Every structure is written in C-alpha cells, then in structure tokens.
**Student:** 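Structure in structure tokens, see below.
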Amino acid sequence: MENTREIILECLLELEKGEVFSNVLIRQVLQKYDYFPTQEKAFIKRVTEGTLERLIELDYIIDQFSSVPVSKMKPLIRQLMRMSVYQLLYMDAVPDSAVCNEAVKLAKKRHFQSLKGFVNGVLRNIARNKEKIVWPDMEKEWERAVSVRYSMPEFIVKLWEQDYGRQQTEKMCESLLEMKPVSLRISEELSAKEQEKLTKEWKERGILCEKHPYLSYAWICRNLEGLHRLPGFAEGIVTVQDVSSMLVTECAGIRTGDFVLDVCAAPGGKTLHAACKLRGSGQVEARDVSEDKAELIRENIRRMGAENVGVKVWDARVFDEDMEGKADVLYLDLPCSGLGVLGKKRDIKYHVSKESLEELVKLQREIIQTCWRYVRPGGVIIYSTCTVHRRENEEQVEWMCGEFPLVRENLNLYLQKELQCAEAESGMLQLMPGSHDCDGFFLARLRRSE
C-alpha cells in the first residue's frame, strides 16, 4: 500500500503551487484511494487539512527551533516539517518518535539524505519542548498574537477588528478552526414520515445526524464517509448545501409560476432549491461564465431530476437585452472573498489581500450594474455572498439602493425566531462564524420599485 504520509506530502506540495483549491484536491485524492481503510483516508484528510489551516502557527513554531527559516527551506523539506509538527502538536494517537522517524525516512526516500539529521534534530527538539514554546503577547501585540494562535493572516485580523471589534474577531477565528459537520438539504417534497425513514437509514449506517435548528428540511451530519453512497443522494432527494445558502431561497418568497434567474449559479444549489420551491411550475434559469461551471449545474440537475431548470453559459458582466424586466426573482450570489467559508476552504485566507478585495468590490458592482435590470418592477432581488466583510456586503447594498430604484425589505418575515433581529428587519443579515450554526454568509432582500 502507498505510504499515507507521502500522499499527504504530495498534496501539500501541489497546494503550495496555488493552482488548485484544497477542498477539490483532497476530494480527488480520497476518491483515488477510495480502497484505503477508512482510518487511513481519515488520516490523510486530517493531516493535510490540519497542516494547511494551521500554517501560520506551524511556521512560527518551526522558526523558533530551526537555524534555517521556513521561508528559506526547500519546498519538500518545508512541507515535511509542517506536516510533522502538526502531528506532534495535534495528533495524540501518533507517538512523537514515530512522527520523527517517518519524517526522516521520507526525507531519505525523496533524495534529501543530507538533510535527514536536520529534520530529525529540529523535530525532536520541538517534541521535547512543546510546553516551552514562546507565544506573542496578547496584551502587547494583539493582532500578531491572534494571527499566530488561530493561523489567520494579520491582514484579515485587522480587517475584522476594524469592522466587528476584537471580541467578535477572535470568536470568528476560533470557530473557523473547528471541525465542521456536513450540511444536507432534503427535498421538501418528502413528507415528515419519509424524511424520518431516510434519516433513520443514515443513523443505521453510523452517521451522526440531527435536524438543523433553522430549517425543517436541513440536517447536519458527522461521520459521513463517501457522499455518493449516502441513501437518497443518487436518487436526487438529498444534496449538500449549507443552511446559510438555503436561506437565500427561503427569503426569496418564491411563488407558484415565478421565473427565477440565477446569474452566478454554479454549482447550482440555490438554483435547484428554487426549482424545488416552484413544485414543477414556473422556470429557473441558471447562468455562469464557463462551460465547465455550466456542466457542474447540469450534473446536479440530472441527479435531482429537475425539469423546470435551464442552463446558459453567460458572463454576468455582459448585458442581455432579452432578459430585461423578465425575472420575478433575481439571485445575485456574487463572486466574493469567501472569508465566511474558511473553515471548509482552508487555503483562501492565504490568498486574500487589500488589492484583491478592492478588485472584488469592483467586479461585484460591475455585475450589479448590469444585472439589476433583469428583475421586473415589483420583483425581488436577493443579494448574497459567502463572506464576512462590510465593503462586499452592507456597503454594497447601501450603494445599490442609492444608485438604482431598489428598496430593502424586512427579512424577519422569512426567518426562524433564532435569526430574527433589527438588522434583518432592515433587509440585511450577516451570519457570523462562531455566532450562528452555519457558514459566514450575508444576504439582503431588495424590491425593485419602478
């Protein structure tokens, strides 16, 4: 059998190139080695994800004990050190001696014979001195201390501190390091009895699942191995979707016969939820910028058997005259920084910069300026992002309402009591990691007045 640690090392080297997202690569790797025992696959997933999400902390520790800074190490040695220190600190079931020995073996196998003494020396020194690591002082250098403790880039820590204050920032950073359960949406066409029968099957397979407090058809699951084998998935009555994303369609107030347009739709979760609300009536049109993204939507449409959904390849920045004033409901779920889903897409945080955020705000405005006209007078726009950032969220909505004939509408009419608040009454809702049982997510309900 292939060496699991070598597979992890290859994953980390591939991710360092920045050409593929971690959630995509890890899924592909686990599919390739699907024949591995469950424990081996869980080890690959945990160490790869854990090393990636704890990168800043791991580098800080290694730099304390190594004569060569992490930034100056050969890529293979750098990733080998990171994944080994992660195991030393966070995997009690693996003896420290085994971590060090396996790292030395891997260095030798990958033709770094001359560095095996260095690898061994640094790792054993860290293993002996775990309790003596010197951390940044929270009183004297709060931003750096939070950055190291939660492996969150200082830029993001400062951004959130400015927007939400220190207490909320630390709460979010802490929450984004926690293991997240899988959130599933069961078709609303299933009766309560049918839903109960399905979830009973899940429990019999050892899946820990419970109904989500926000929506009756949303479930949160742990111990879920191999989604394609989950009862109900292949039949199209179950799909993976975070409850925050489900709230988009819940707050849209879709009615029988409506025409719903989703301009940035891939992979199609909100599109298919809208189709489900229509109960076979009306029409949903899903659009995205490339054929690859369109095919992702089509795959989900085929699996879920939705007949009232059309797919079109279209760049949302380009105005479509034929669509002007046609939509009863328009979904503007726009490209964003993704800061609300860092617990699932762990590498996003390392690619965010002040410049990239400004570019996203510009792109969002370009799409908004083009697409708001697609909704008919009296129709509804749901604006949403999977981020926690005022410039992309609240400030964007305020700009929209100032520029176009759009009026914010009370979201509390569509939300469970747990989510109702003054902000939602004003037409906007920011869901926060650590404060809400879902991803960090923003949504706003707007009506076109003329």
Side-chain angles (χ1 to χ4, degrees), residues 142-143 146-147 150 152-176 242-245 247-248 251 264 316 330-345 348-369 371-372 381-404 406-412 415 419-447:
W142 186 84
E143 286 96 349
V146 170
S147 173
Y150 302 109
M152 186 64 71
E154 264 190 74
F155 164 71
I156 298 174
V157 173
K158 288 175 181 174
L159 181 79
W160 282 347
E161 181 189 8
Q162 185 182 327
D163 278 358
Y164 309 107
R166 288 190 171 186
Q167 188 178 359
Q168 184 66 52
T169 297
E170 192 170 352
K171 194 174 182 181
M172 287 195 284
C173 290
E174 184 179 13
S175 170
L176 289 166
D242 193 76
V243 75
S244 59
S245 170
L247 289 171
V248 167
C251 291
C264 300
L330 173 66
Y331 285 175
L332 290 178
D333 184 62
L334 299 192
C336 71
S337 56
L339 299 180
V341 292
L342 298 182
K344 294 174 181 174
K345 298 181 179 179
I348 290 175
K349 60 186 175 183
Y350 306 119
H351 303 297
V352 174
S353 66
K354 188 175 182 180
E355 293 72 31
S356 71
L357 288 180
E358 283 307 310
E359 285 303 311
L360 278 166
V361 170
K362 284 181 193 170
L363 173 63
Q364 289 169 350
R365 290 200 175 180
E366 195 178 346
I367 294 173
I368 292 163
Q369 280 179 311
C371 295
W372 75 270
I381 295 176
I382 301 289
Y383 176 85
S384 61
T385 71
C386 57
T387 197
V388 182
H389 179 212
R390 288 193 187 279
R391 287 274 287 129
E392 295 175 79
N393 294 340
E394 291 92 342
E395 289 181 27
Q396 207 68 294
V397 171
E398 284 164 12
W399 173 81
M400 288 168 71
C401 293
E403 289 287 314
F404 313 117
L406 302 172
V407 181
R408 285 187 270 162
E409 290 200 324
N410 186 357
L411 283 169
N412 284 340
L415 297 170
L419 293 174
Q420 291 175 8
C421 58
E423 183 196 21
E425 189 176 354
S426 76
M428 300 187 284
L429 178 64
Q430 176 68 68
L431 299 161
M432 298 284 207
S435 299
H436 297 100
D437 291 326
C438 58
D439 288 339
F441 197 90
F442 176 84
L443 67 148
R445 180 183 163 99
L446 310 167
R447 189 174 293 277

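Just so it is clear, the structure is predicted and the values come from calculations on it, not from any experiment.
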**Student:** What residues, two or more places apart in sequence or in another chain, satisfy side-chain hydrogen bond (donor to acceptor under 3.5 Å, both in side chains) together with Gln430?
**Tutor:** Asn393
**Student:** Who passes side-chain hydrogen bond (donor to acceptor under 3.5 Å, both in side chains) against Gln168, sequence neighbours left out?
**Tutor:** Ser435
**Student:** List in chain and number order the residues that pass ring pair (Phe, Tyr, Trp, His ring centres under 6.0 Å) with Trp142, two or more places apart in sequence or in another chain; answer none if no residue qualifies.
**Tutor:**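 Trp142 satisfies ring pair (Phe, Tyr, Trp, His ring centres under 6.0 Å) with no other residue.
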**Student:** Can any side-chain N or O of Ser147 pair as donor or acceptor with the backbone N or O of Met152 at less than 3.5 Å?
**Tutor:**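 Yes; at least one donor-acceptor contact below 3.5 Å.
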**Student:** Apply salt bridge (Lys or Arg N to Asp or Glu O under 4.0 Å) to Lys354 and list each qualifying residue two or more places apart in sequence or on a separate chain.
**Tutor:** none
**Student:** Tell me the closest heavy-atom pair linking Glu394 and Met428, and the distance in Å.
**Tutor:** CA-SD, 3.9 Å
**Student:** Going by side chain to side chain contact (heavy atoms under 4.5 Å, CB included), name the residues that satisfy it together with Asn412, two or more places apart in sequence or in a different chain.
**Tutor:**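 By the side chain to side chain contact (heavy atoms under 4.5 Å, CB included) rule, Asn412 matches Asn410, Leu415, Gln420, Ala424, Glu425.
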**Student:** Write down the atom of Leu411, the atom of Ala444, and the distance for their closest heavy-atom approach.
**Tutor:**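 Looking at all heavy atoms of both residues, the shortest contact is CD1-CA, 4.5 Å.
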**Student:** Could you give me the CA-CA distance, side-chain angles and deciding distance for Lys171 and Glu174, then say whether salt bridge (Lys or Arg N to Asp or Glu O under 4.0 Å) is met?
**Tutor:** CA-CA 5 Å; Lys171 194 174 182 181; Glu174 184 179 13; over 6 Å; no
**Student:** When rounded to the nearest 0.5 angstrom, what is the spacing between CH2 in Trp160 and NE2 in His389?
**Tutor:**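 So the gap between those two atoms works out to 10.5 Å.
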**Student:** What pair of heavy atoms forms the shortest contact from Cys438 to Val243, and how long is it?
**Tutor:**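 Reported closest heavy-atom pair: CB-CG1, 3.3 Å.
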**Student:** Nearest heavy-atom pair of Leu443 and Cys251: which atoms, and what distance?
**Tutor:**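 Residues Leu443 and Cys251, closest heavy atoms: CD1-SG, 3.8 Å.
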**Student:** Roughly how far, to the nearest 0.5 Å, is the CD1 atom of Ile367 from the SG atom of Cys264?
**Tutor:** 4.5 Å
**Student:** Quick one: salt bridge (Lys or Arg N to Asp or Glu O under 4.0 Å) partners of Glu154, sequence neighbours excluded?
**Tutor:**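 Scan of Glu154 (salt bridge (Lys or Arg N to Asp or Glu O under 4.0 Å), adjacent residues dropped) gives Lys158.
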**Student:** Under the ring pair (Phe, Tyr, Trp, His ring centres under 6.0 Å) rule, collect the residues that match up with Tyr150, sequence neighbours excluded.
**Tutor:** none
**Student:** Quick one: closest heavy-atom pair of Thr169 and Glu161, and the distance?
**Tutor:**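 Between these two residues, the closest heavy atoms are OG1-N, 3.2 Å.
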**Student:** Once side-chain hydrogen bond (donor to acceptor under 3.5 Å, both in side chains) is applied, do any residues pair with Ser175, and if so which ones, sequence neighbours excluded?
**Tutor:** Lys180
**Student:** To the nearest 0.5 angstrom, please state how far the CG atom of Leu429 sits from the CZ atom of Phe442.
**Tutor:** 8.0 Å
**Student:** I need the single residue from Trp399, Tyr383, Phe404 that forms a ring-ring contact (aromatic ring centres under 6.0 Å, His included) with Trp372. Which is it?
**Tutor:** Phe404
**Student:** Which heavy-atom pair separates Lys349 from Pro153 by the least distance, and what is that distance?
**Tutor:** O-CG, 3.2 Å
**Student:** Begin from the C-alpha positions of Glu392 and Val361 and carry the test side chain to side chain contact (heavy atoms under 4.5 Å, CB included) through to its verdict.
**Tutor:** CA-CA 6 Å; Glu392 295 175 79; Val361 170; 4.0 Å; yes
**Student:** Nearest 0.5 angstrom please: Leu339 CG to Leu357 CG, how far?
**Tutor:** 6.5 Å
**Student:** Enumerate the salt bridge (Lys or Arg N to Asp or Glu O under 4.0 Å) contacts for residues 331-342, please, sequence neighbours excluded, ordered by first and then second residue.
**Tutor:**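 Listed by first then second residue: Lys270-Asp333.
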**Student:** Going by the rule side chain to side chain contact (heavy atoms under 4.5 Å, CB included), which residues pair with Glu358 if we only count those two or more places apart in sequence or in a different chain?
**Tutor:** Arg391
**Student:** Kindly state each residue pair satisfying salt bridge (Lys or Arg N to Asp or Glu O under 4.0 Å) with at least one member in residues 429-447, sequence neighbours excluded.
**Tutor:**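 Matches after skipping sequence neighbours: Lys344-Asp439, Glu409-Arg445, Glu409-Arg447.
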**Student:** What residues form a side chain to side chain contact (heavy atoms under 4.5 Å, CB included) with Ile348, not counting sequence neighbours?
**Tutor:** Phe21, Val341, Leu342, Lys345, Val352
